[in-house]
Structures are given as C-alpha cells and as structure tokens.
Amino acid sequence: MRRSRAFIPTMKEAPNDASLPSHIFLARAGFISQVAAGLYNYMPLAKRVIRKIENIINEEMEAVGAQEVELSFVTPVSLWMESGRVEKFGKELLRFKDRKENLFVLGPTHEEMMVDLVRNRVTSYRNLPLNLYQIKTKFRDEARPRFGLMRGREFIMKDGYSFHATIEDLDREFDAMERAYKKILTRLGVDFRVVEADSGAIGGSGSKELMVLADSGEDTIAVCSKCEYGANIEAAKRGARAVIPEAPEANFNKFLTSNVKTIDELAEFFKIDPYYTIKCIAKRVVYEDESEIVLFFVRGCDNLQEVKALNATDALDIVDVDEDELREIGLTPGFIGPLDQDKVKHVIDTDLKDATNMICGANEQDYHFVGVALGVLSDVAYFAEIAEVNEGDICPNCDGVLSFTKGIEVGHIFKLGSAYSEALKAEFLDENGKPQPFIMGTYGMGVSRLVAAIVEQNHDKKGCRWTKATAPYMVNIIISNIKNEAQVELGEKLYGQLQESGVEVMLDDRKERFGFKMKDAELIGFPYTIIIGKELANGAVQICDNQTTKKILVPIDNIYAQIMELL
RNA sequence: CGGGGUGUAGCUCAGUAUGGUUAGAGUACUUGGUUUGGGACCAAGGGGCCGAAGGUUCGAGUCCUUUCACCCCGACCA
C-alpha cells in the first residue's frame, strides 16, 4: 500500500475521551473511531489486525476439528424465554420489535441459538462429539462501556460450543480447547496466563480464564511464585499458613472494650495479631423474590470476597446495609460476633472452623469476648470459603507464595454441563436408545478486545508496538525526501520486490518531511521501517526495529536479503 | 442505576463569575513559495445553528428552565 493513498487518519492529539494507552493510540494512529458510547468504527488498519487474529483462531480451530458456522445476529426473544435468560441478562439485552411486532434481541452470546441449531438435527450419540464456533459481532448494552475496544457494547467475539454424550468426553474436549487457546495466544505473541475462575451464575464445574497480563487489566489475578497456579481473585484458593502468629492466651471471658469497633483498634487494644480476631461483614443478600441480612465472618486479617459470598449463599446479588438496619433487628454494629446464632443467618469462613484463642464481638455494646474457641459452632454454624486470598498467602498447590497481578480477560472456557440442553430440550439417543440432554462446553475469545489487549501490553510513549503476528503491515519504507530521485527509485524498487515476495509492505511516498513520517510510523507501529535517506549517498539505508527502536545501517545491495531474514 | 464533570472549527482548547462590535487560538485542511533526518517556515484562504428546545432581555456562547449526548468514580459485567 502506498501511504499517499491509504486511509489512515492519524492525529497528533487524542480525543479527550480516551484514557487507556490502547484507546489513545488506536484512535490517534487511525485504527478506530468512536461513533457513540461503546461503539467504534474499525478503519483499514484495525480491520487488518482483526483479520490476522481471526485467521489464527480459524487455523487452530480447524486443527482441533471445530467447525465454523455463522448464526444470525438478530435472535428471537422466544429462545431466551426458553432458557430463562431474559431476566438474567436484564437490560444488557438490547430488545426491539420488527414491523410485525415480534420481539427480538441482538445476540450478546449464542448458547441458545447454537443449541437450537443442533437440536433435532443431531439426534444420536454416534454423531457426537460436535464442536461448532463462529466469529461474530456481539452486542451487550453495558451499563457503562469504557476503555475503548476493551469494554465496548458492540464487540467481536469467537464463541464456540461443544456437544458431548458423556462428561468424560467433555473433559477431553475442554482440555483440547485449553491447549488450542494457549496456542492461539502464543502465536499472537502475547504474555498471558491461564487462571482458574468463577463460573458465574450460569454454573458449571471447570472454568478457566485466559488473561493477557497488563497493568491496566480490570481483573486481579493471584499467581504462584513457584508453580503454574493462577486464579482470578474471585476464585483464588490458598494453602495452609506457613507461619502462625503467637496466640494470645486467655480463658473465655467478656471484656469491656469501650469504643473499640474496628479490627485495627481491637488488635491495638489487646496488642494481638488481627489473625486472632473475627471480622463481621453484614450484607443484604438478594434472592429472586426476597432478600435478607446475612452476617459473614472472616479472620480479622482477611477480607470478604463477595463473589465467594454470593456463591456460598446461592444469592442473585449482595448489597451493602447500613448500621441502622442492623440495629433494627437487634444487632450492635462494631460488636457483632458469631456466638449469637439466632438473629440472622451466619456464614463463617472455613479458616475459622475450630479456631481457638479468638477475640470477637459479644453482641453487646462495648464488649468483646476473649479466649473464644469456635469448635462449639462446628455442628450448628454454616461454614464456607468466603475469605479473599491476600498477597503473600501460600499457594494451594505447592509451597510457593501468591502475588497479585492485573490481567485482561481475553478468553473464558468452561463446562456448561446440560443446563442449556435441558432448558431447551435438546436431546440425543444414547446407546440404549434413551434420550439424554447434550453435555456441553463453551469457549469464548474476545477478538476485538484482543486488539486492545495486545496494544495495552505492547506499547511505549510513542505508539503501538505490534507483535509480528498482529501488525497491520510488517514493513514500512520511508522515502525521506520525495524530491530525491535516487531515494524514490530505490524505494519503489524495494516496494515492488517486497510485494512480489508476499510481504505486507507500506511505502511512505508522501510529500512530508522526514520527522513527520517517522513519528507517524512509530505511532502506527510497523515492526520494521526501512529509512531511505541521507545514508543513501554512502550506498546504505537504515532498518529501524520497532521493538528496540534501534537503527542498523545496511548496504543497499543487502537490504532485500536482510529484511527478508528479519521477517 | 447512584455520585461528579464536560458539551464552542475535523482534533485540543480559550471566551461564560459581571450579557454588548463581525466568536477566537493552536493543530489539521486548501493554494503559492521556501525547506527536506525527528510532527518545518512565510503568505493568502476555506471551515461554526457555541449539543438541542423553550424562556428572560433592546440584545444570549454567556442568565433561567427542560432535555440529549459524552466522559470519570462506584454498582453492574455467561
């Protein structure tokens, strides 16, 4: 492509609504333009990057025997009624009517559609397993779209669904897909981690997220210093503590603790480690038709992990409560302890099971109990894992130490089981001629989000630093002075040679000054820029490596061979 | 959905407290000339319903009401 003919509207200044580097550079370098909140136009450069990602996905899906389909974007709301997800998705589902007043939604994901496609068409175990996928625009009417392509309302996603006769076969496919996904991200050239995840309200056993590591990631993930363990903080587990602080010795007793309300104050008051205190977090948990206040107890050194709390209570939502509400039902904020079991439901972190030498609220203004042994609650209380892991905790799989890092979720795979096939009555006949619901897996990968994630992980102050597998063009040839005939001649010759060799090459033949073209090239992020300029007088040109920004001098006779070698 | 903020040229932003010539700058764009290794310089141009609607006033970008859009924090996010 000749730069003089290319539609690449670069800008010196970013639109002021861009905050993340990926958003700023993709906008400035002429990849995307915003249309409305969470909606973007992809311009030629972005389109090329997207196609490269899609090609790699297609190749790897082909390799594992998944078949590509494309389902209609507009989907009848009746399917969503069948699965019961109309309410679950709520306002994120963009609903509208056609001229005949029929209700439709813009597909935010395609479980229902895919099950509908397969049901009554695949009817025998002999035709299983089956893995179908598509790469398609999705629409979710997010409450708050942000971060450019990272969290748009309209986005491109690869979504795949597998159908199996047995759980064992699903497990096999799940592992195969994990390997395929790892291979895709490796080929794209990004630094990533596969982590254990919460499977969300939809349920399912195995759930793994593929995270591109980047500081601006929205997810916090815990990773082990020694082994491969990694998990989303929402699902992270930990091993037994390596060092347990010295226990405060005391017999069971009620102690006057005037105005000592917080864990910090309590630990200071008794001169003890917060490990031996019990923290109470009161929340209102919301179910489909009702809600109630539940008290969650964790060690004073821990925090409540709300997603875990949600799973422990099987609730739809968890919201804050204020102190007045607590007083109304006879609780004393600041002094609530787990020994009083009859007012509201309690959930106690498993780490507190049979704990001894504890200090906790006495459910009475200005009093705490000391020397508490929770063994007495073993049979009456509900214990569940609700504490959030901390940095420095021990890995659940080895003796390494957990630390936190930020990640961008670009893939999520999990085992659906038969939730959808049962809801939509999608069945096959097994070996005994008995109808069985399909056992399913689902495999998502955010294509447009990957575009942003790649830049988020690969950029510097000047612009994008595309990986070789994702760069819109591999080589950019700058003719420093378009009026210099020798420069033009060599540029054109090289351009032709590289094109013939199948190299994706851009020829910057604009009537601009050198600095302008160079800045532009660095903003866009071509892996290699060949500079035909003043060194030509010495029979040489330069190759600028975009990763290192180093320039090397190459004699003109070697330039073609040299660049072909670098690619 | 709660809290906050911003809407003026393609982009970045002045101008609005205290209403008063023809609404400005930088950048980008067009033309001519000079320049040609790090977003050049000179000259001349084009480009605006001051987000929208209503109101107050002799007069509104500026004051009042309504509304829409976008951004940020939070909630939400199979």
Side-chain angles (χ1 to χ4, degrees), chain A residues 9-20 23-24 27-28 30 33-39 80 83-85 87-93 107-112 114 138 140-148 150-153 155 157 159 161 197-204 207 209 218-219 232 234 286 306-307 310 316-320 409 411-417 419-420 423 440-444 446 449 462-463 478-484 487-488 508 510-523 529 531-537 541-542 544 549 551:
Chain A
T10 57
M11 292 181 291
K12 207 168 185 174
E13 282 176 292
N16 74 346
D17 51 14
S19 53
L20 283 193
H23 191 183
I24 291 170
R28 278 189 55 204
S33 80
Q34 181 165 1
V35 189
L39 304 180
W80 294 80
S83 69
R85 282 214 291 183
E87 295 77 24
K88 192 160 283 171
F89 255 100
K91 287 185 181 168
E92 281 193 28
L93 270 184
T109 172
H110 279 167
E111 280 82 3
E112 285 85 352
M114 202 64 91
K138 308 279 187 264
R140 295 182 190 175
D141 201 357
E142 296 265 1
R144 190 180 161 208
R146 56 187 127 174
F147 303 143
M150 204 74 91
R151 189 169 205 76
R153 289 141 95 199
F155 56 98
M157 181 165 91
D159 53 325
Y161 310 86
D198 177 63
S199 47
I202 212 73
S207 174
E209 289 170 339
E218 290 188 79
D219 291 286
N232 193 306
E234 295 173 354
V286 182
E306 289 207 16
V307 173
L310 200 65
L316 289 179
D317 198 9
I318 287 190
V319 296
D320 290 343
E409 181 192 344
H412 194 173
I413 57 176
F414 66 94
K415 300 172 184 174
L416 281 176
Y420 287 94
M440 296 176 59
T442 179
Y443 318 97
R449 178 178 281 186
K462 293 175 174 176
I478 289 181
I479 298 173
S480 180
N481 182 356
I482 202 71
K483 287 188 178 167
N484 181 312
Q487 291 184 14
V488 172
D508 198 338
R510 292 175 298 177
K511 198 188 295 178
E512 296 287 352
R513 310 182 103 229
F514 172 76
F516 182 91
K517 295 184 185 183
M518 203 58 201
K519 284 278 194 294
D520 219 37
E522 285 165 335
L523 180 59
T529 293
I531 302 163
I532 303 175
K534 63 180 184 185
E535 292 296 338
L536 189 58
V541 298
Q542 288 164 301
C544 180
T549 70
K551 294 174 191 166

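Note on naming: letters A, B, ... go to the chains in the order of the sequence lines (proteins, then strands), and numbering restarts at 1 for each one.
- A/R28 contributes a side-chain N or O that forms a donor-acceptor pair with the base of B/rG39 under 3.5 Å.
- Across B/rG51 and B/rC29, the matching C1' atoms stand 24 Å from one another, rounded to whole Å.
- Searching all strands for a Watson-Crick or G-U wobble partner of B/rG37 with both distances below 3.5 Å returns nothing.
- If you take atom C1' in B/rU16 and the same atom in B/rU8, they sit 11 Å apart, rounded to whole Å.
- Heavy atoms of A/E409 sit nowhere under 4.0 angstrom from any nucleic acid atom.
- One C1' atom belongs to B/rU31, the other to B/rC72, and the distance between them is 43 Å to the nearest Å.
- Summarising the geometry, the separation between CD on A/E92 and C1' on B/rC76 is reported as 7 Å, rounded to the nearest angstrom.
- Each of B/rG39, B/rG74, B/rG37 was ranked by its minimum atom distance to the side chain of A/R146; first place goes to B/rG74.
- Counting non-hydrogen atoms under 4.0 angstrom, A/N484 reaches nothing in the nucleic acid.
- The distance between atom CG of A/L93 and atom P of B/rC76, rounded to the nearest whole Å, is 19 Å.
- Computed from coordinates, the A/D320 CG to B/rA75 P distance equals 9 Å when rounded to whole Å.
- Residue A/E13 has its side chain nearest to B/rU12 when only B/rG37, B/rU12, B/rC73 are considered.
- Residue A/A143 is classed as a base contact, given a heavy-atom separation below 4.0 Å to a base.
- A/P108 has its side chain out of reach of A/K138: every pair of non-hydrogen atoms, C-beta onward, lies at least 4.5 Å apart.
- Under the 3.5 Å distance criterion, the side-chain polar atoms of A/E112 are left unmatched by any main-chain donor or acceptor of A/W80.
- Using a 4.0 Å heavy-atom cutoff across all strands shown, A/K462 reaches at least one base atom of the nucleic acid.
- Using P as the reference atom, B/rC64 and B/rG7 are 15 Å apart when rounded to the nearest Å.
- Residue A/E512 places no side-chain atom within donor-acceptor reach of the base of B/rG39, judged by atom type and a 3.5 Å distance cut-off alone.
- The glycosidic torsion of B/rA17 lies within 90° of 0, which places this base in the syn conformation.
- Rounded to an integer number of Å, the gap from A/W80 CH2 to B/rA78 P is 12 Å.
- Each of B/rG38, B/rG37, B/rA78 was ranked by its minimum atom distance to the side chain of A/S480; first place goes to B/rG37.
- For the pair A/F147 CZ and B/rC70 C1', the interatomic distance rounds to 16 Å; values are reported in whole Å.
- The same atom, P, is picked in B/rA25 and in B/rA14; the two are 16 Å apart, to the nearest Å.
- Atom CE of A/M114 is separated from atom C1' of B/rA78 by 15 Å (rounded to the nearest Å).
- Scanning atom types as modelled, no donor and acceptor separated by under 3.5 angstrom connect the side chain of A/K12 and the base of B/rU27.
- Spacing between atom CG of A/L39 and atom P of B/rA69 amounts to 13 Å, rounded to whole angstrom units.
- Pair assignment for B/rC1: B/rG74, on the basis of Watson-Crick or G-U wobble contacts that are both within less than 3.5 Å.
- The side chain of A/Q34 contributes an N or O atom lying less than 4.0 Å from OP1 or OP2 of B/rC71.
- Glycosidic conformation of B/rC13: anti, with the torsion beyond 90° of 0.
- To the nearest whole angstrom, the two C1' atoms, one in B/rA9 and one in B/rG48, are 6 Å apart.
- Applying the Watson-Crick and G-U wobble criteria (two distances, each under 3.5 Å), B/rG61 pairs with nothing in any strand.
- Heavy atoms of A/L523 sit under 4.0 angstrom from at least one base atom.
- Counting non-hydrogen atoms under 4.0 angstrom, A/N16 reaches the backbone sugars and phosphates but no base.
- Side-chain atoms of A/K91 do not come within 3.5 Å of backbone N or O of A/A143 as any donor-acceptor pair.
- Nucleic acid contact for A/E218: none, since no nucleic acid atom lies under 4.0 Å from a heavy atom of the residue.
- Set against B/rG37, B/rC11, B/rG38, the side chain of A/K534 has B/rG37 as its closest nucleotide.
- As rounded to the nearest Å, B/rC49 and B/rA53 have C1' atoms that lie 13 Å from one another.
- The nucleotide B/rG7 finds its pairing partner in B/rC68, both defining distances of the Watson-Crick or G-U wobble pair being shorter than 3.5 Å.
- You'll find the side chain of A/I478 reaches within 4.5 Å of the side chain of A/T529, heavy atoms only.
- At a threshold of 4.0 angstrom between heavy atoms, the contacts of A/M157 include nucleobase atoms, whether or not backbone atoms are also involved.
- A/D520 has its CG atom 12 Å from the C1' atom of B/rG38, to the nearest Å.
- Which of B/rA78, B/rG38, B/rG39 sits closest to the side chain of A/K551 comes down to B/rG38.
- Contact check, A/R144 against B/rG2: no side-chain N or O comes under 4.0 Å of OP1 or OP2.
- Residue A/K517 is classed as having no contact, given no heavy-atom separation below 4.0 Å to the nucleic acid.
- Using a 4.5 Å heavy-atom threshold, the side chains of A/Y420 and A/M114 count as separate.
- Residue A/S19 is in sugar-phosphate contact alone, with no base atom involved, counting any heavy-atom pair closer than 4.0 Å across all strands shown.
- The partner of B/rU16, taking Watson-Crick or G-U wobble pairs whose two distances both stay under 3.5 Å, does not exist in any strand shown.
- In this structure, A/F147 and A/H23 have side chains that are not in contact, with every pair of non-hydrogen atoms separated by 4.5 Å or more.
- Within the shown strands, nothing qualifies as a pairing partner of B/rA28 under the Watson-Crick or G-U definition with both distances less than 3.5 Å.
- Straight-line distance between the P atoms of B/rU35 and B/rC71: roughly 47 Å, to the nearest whole Å.
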